[in-house]
Amino acid sequence: MARQGQEDAFYHKAKKEGYAARSVYKLKEIDQRYRLFRQGQKVLDLGCHPGSWLQYAAHKVGPGGLVVGVDLEQPAVELPPQVRFLQGDILTLPPEALARFAPAYDLALSDAAPKTTGVKGADVAKSLELTARAVELGLSLLKPGGALLAKVFYGKDVDQLIHRIKRAFKLGKAYKPKVTTAGSKEIYLLGQGYKGGE
Ligand SMILES: C[S@@+](CC[C@H](N)C(=O)[O-])C[C@H]1O[C@@H](n2cnc3c(N)ncnc32)[C@H](O)[C@@H]1O
């Protein structure tokens, strides 16, 4: 299928399945490959608007789990009771604000991204700033053994962040989902088996 056709197909699939955005299919692909979720987990979702990752995570952790989402903007969909939402800026939000919901988390997700300006260097730099902050928030709130998944626009200095993740986790890698938009520079950084103590 041509790339544009594939994007449209995922847009319509998301609508039909009741998801707030087609980005859910990237999370689903990574989950199917790396088994991110389990029932009862506590999950952080940084940059969660409009809410498709919240919907997917809520389903995967079930009613006994907890999903805490943060974004500048409110979710655009109705969410089940195991989801809590905090409106805020991850660049300034202290970890204590998230520790109020749960002292430690099993999984930290970040799909946070800047509004793109078309100026590639500036977009990549802003994405790196957001993702580096999301990684630090995740590391300060994860349980030992926990996992992290964070999107970033690939560019200069991203390799340093990949090394940071490789040091902090037993397994660290960068992954590009097959369902990513044509020409997109986004990659997902994955850490599994958090060593703790950061
Ligand atoms: C690609 S969207 C996330 C899509 C979401 N994962 C979903 O599936 O519905 C990126 C989000 O990052 C958020 N964002 C950007 N900068 C942020 C910041 N400083 N603090 C919190 N959220 C931020 C944006 O508001 C936007 O909603």
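Throughout, numbering of the chain's residues begins at 1 and tracks the sequence. In listed order, ligands and their atoms are each counted from 1. None of the values given here were measured: they were computed from a predicted structure.
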Contact partition for K151 relative to ligand 1, non-hydrogen atoms under 4.0 Å: side chain
Reported CD-to-NZ distance for the pair Q32 and K28, which is rounded to 0.5 angstrom: 6.0 Å
State if A112 counts as touching ligand 1 under the rule of any non-hydrogen atom under 4.0 Å. yes
Please confirm whether G88 approaches ligand 1 to less than 4.0 Å, judged on its heavy atoms. yes
Counting heavy atoms only, which part of P114 comes closer than 4.0 Å to ligand 1: side chain, backbone, both or neither? neither
Take the angle between the ring planes of Y25 and Y19 and call it parallel below 30°, perpendicular above 60°, tilted in between. perpendicular
Can you tell me if S127 uses its side chain to pair, donor with acceptor, with the backbone of V152 under 3.5 Å? no
Please determine whether any non-hydrogen atom of P50 lies less than 4.0 Å from an atom of ligand 1. yes
Considering only heavy atoms, does S23 approach ligand 1 within less than 4.0 Å through its side chain, its backbone, both, or neither? side chain
Working note: E96 + R100, criterion salt bridge (Lys or Arg N to Asp or Glu O under 4.0 Å); need CA distance, chi angles, decisive distance, verdict. CA-CA 6 Å; E96 297 75 39; R100 255 184 251 136; over 6 Å; no
T117-D123 side chain donor-acceptor pair, cut-off 3.5 Å: yes
Salt-bridge test for E186 and K176: reply yes if a basic N is under 4.0 Å from a carboxylate O, no otherwise. no
Record the part of L130 in heavy-atom contact with ligand 1 below 4.0 Å; permitted values are side chain, backbone, both and neither. side chain
Distance from atom 20 (N) of ligand 1 to nearest protein heavy atom, with residue and atom: I90 N, 3.0 Å
Less than 3.5 Å between some nitrogen or oxygen of G51 and one of ligand 1, yes or no? yes
How far is atom 8 (O) of ligand 1 from the closest protein heavy atom, and which atom is that? S52 OG, 2.5 Å
Residue, atom and distance of the protein heavy atom nearest atom 2 (S) of ligand 1 read H49 O, 3.5 Å
Select the closest option to atom 25 (O) of ligand 1 among D89, D111, L72, D71, judged by heavy-atom distance. D71
For atom 14 (N) of ligand 1, which protein heavy atom lies nearest, and how many Å away is it? A113 O, 3.9 Å
Are the side chain of D71 and the backbone N or O of C48 linked by a donor-acceptor pair below 3.5 Å? yes
Polar contact flag, side-chain donor to acceptor under 3.5 angstrom, D159-Y154: yes
Once you round to the nearest 0.5 Å, how far does OH of Y175 lie from CD1 of I30? 6.5 Å
